[in-house]
2 protein chains.
Amino acid sequence: MTKHDIVLFAKAFADDTRQKIMKLCCCEWLSVNEIVERLGNVTQPTVSHHLAVLREAGLVDARHEGKQTFYSLNQQRVVSCCGQLMLNFAPESDVTEAVADKLE
Amino acid sequence: MTKHDIVLFAKAFADDTRQKIMKLCCCEWLSVNEIVERLGNVTQPTVSHHLAVLREAGLVDARHEGKQTFYSLNQQRVVSCCGQLMLNFAPESDVTEAVADKLE
DNA sequence: TTGACAAATAGACAACCATCAATATAATAA
DNA sequence: TTATTATATTGATGGTTGTCTATTTGTCAA
C-alpha cells in the first residue's frame, strides 16, 4: 500500500458518478449495461471509463461471461485503504487502534 | 456527513502535495511558512491554496496568533470520514463493524 | 459468414485544478 | 506614519479529467 495507491484511491472516490457506481455494485455483480441503466444519466462509454479508473485503483473486480462483463466492488480494498488512511493521518485516535488490531 | 462531504474529503486526499501537508501537521501546529519551508518545492500561495481546500473539507483547524496562522490536522475528521466511507462501501466487513461500534 | 449485441477504445471539447508571479490585506515594529 | 513580515487573494497558464459521439473489438446466434 504505497502513497501512490492512496492517491489513486482518493481520486477514485473524488467523483460523484464513481461513488454512485461503487454504491450500485457494492454487494452484487452488475453488468456494464445494468450500471448504465440504473444510473440513467450517463452513456455507456462514460461508465466504461469510470470502471477503468476504479479497476486501476483496485476497487472493483471484473468477471467476463459471454458478451458481458460483470463488476463488483472490492470491499476488502476499501477497508485496507481506509485503514491505511487512518494509520497515516489519525494515529492518535482509538478508532485507528481498533482498526489496526483488526487489519493485522 | 452528507455525500457531498465525502466527495470533498476524497478530493482533499486526491493530491500528493495536500497529503504531504496533512502528514506534516498531523500531530502538531505549524505556521504557513513552516509548512512552505518543510515542503521545499512549492510557493507560499500554493500552500495557502491547499490549506483552503483542506479547511473547506473540515480536515484542518486554524488558529491565528499575531501575524501568523497555525494549522493542525483534524484527526477526528479523518476518522469519521473514513468510518463513513467504510459504512457506505464496505458494509459486509467485520472491520467496518468494529469501526461502527467505536464511532457511535 | 453475416448480423446483432456488449463493452472497450479513440478523439474532441469544456470544465476543473495545481501552480506560479504579482498584489492585497492584516498585524506588528520602528 | 512608514516599513516589515505573514498570510490570503487574484489572474494567468498548462495539465488533468468527465463527458460525449463515433468507432472498434469480442462474442454469440442464425
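Treat the numbers as computed from the prediction; the structure is a model and nothing was measured. Residue numbers start from 1 in every chain, and the chains themselves are labelled A, B, ... in the order their sequence lines are given, proteins ahead of strands. Just so it is clear, the values below take in all heavy atoms, side chains as well, and ignore hydrogens, waters and symmetry mates.
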Return yes if a side-chain donor-acceptor contact under 3.5 Å exists between [X] and [Y], otherwise no.
X     : Y     : answer
A:R55 : A:Y71 : yes
B:S48 : B:Q44 : yes
A:Q84 : A:S80 : no

Within the structure shown, what part of the strands sits under 4.0 Å from A:V53 by heavy-atom distance: base, sugar-phosphate, or nothing?
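Touches nothing.
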
Touch class at under 4.0 angstrom, heavy-atom based, for A:N41 against every strand present:
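The residue A:N41 makes sugar-phosphate contact but no base contact.
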
Reckon [X] has a side-chain N or O less than 4.0 Å from the OP1 or OP2 of [N]?
X     : N      : value
A:R18 : D:dG18 : yes
A:H50 : D:dT17 : no
A:T17 : D:dT19 : yes
B:N33 : D:dT5  : no
B:K11 : C:dC17 : yes

Distance in angstrom units between [X] [atom1] and [N] [atom2], rounded:
X     : N      : atom1 : atom2 : value
A:L39 : D:dG18 : CG    : P     : 14 Å
A:I35 : C:dA6  : CD1   : P     : 14 Å
A:R63 : D:dG26 : CZ    : C1'   : 18 Å
A:Q68 : C:dC5  : CD    : C1'   : 9 Å
A:D15 : D:dT16 : CG    : C1'   : 13 Å
B:K67 : D:dT5  : NZ    : P     : 7 Å
B:I21 : D:dT7  : CD1   : C1'   : 14 Å
B:E56 : D:dT9  : CD    : C1'   : 13 Å

Could I get a table of every N or O pair under 3.5 Å where one atom is in the protein and the other is in nucleotides 8-13 of chain C?
{"residue": "C:dA8", "atom": "OP1", "partner": "A:Y71", "partner atom": "OH", "Å": "2.6"}
{"residue": "C:dA8", "atom": "OP2", "partner": "A:S48", "partner atom": "OG", "Å": "2.8"}
{"residue": "C:dA8", "atom": "N7", "partner": "A:Q44", "partner atom": "NE2", "Å": "2.7"}
{"residue": "C:dA8", "atom": "N6", "partner": "A:Q44", "partner atom": "OE1", "Å": "3.3"}

Which is it for A:F9 and B:F13 under the ring-ring contact (aromatic ring centres under 6.0 Å, His included) test, yes or no, and what are the steps along the way?
CA-CA 9 Å; A:F9 170 77; B:F13 271 95; 9.1 Å; no

With a 4.0 Å cut-off on N to O distance, would you call A:E28 and A:R38 a salt bridge?
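Salt bridge between A:E28 and A:R38, a charged N being under 4.0 Å from a carboxylate O: yes.
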
Between CG of B:N88 and CE of B:M1, what distance do you get to the nearest 0.5 Å?
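That separation rounds to 9.5 Å.
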
Would a single hydrophobic cluster contain both B:V42 and B:V60, if residues Ile, Leu, Val, Met, Phe, Trp and Tyr are joined by side-chain heavy-atom contacts under 4.5 Å?
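Same hydrophobic cluster.
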
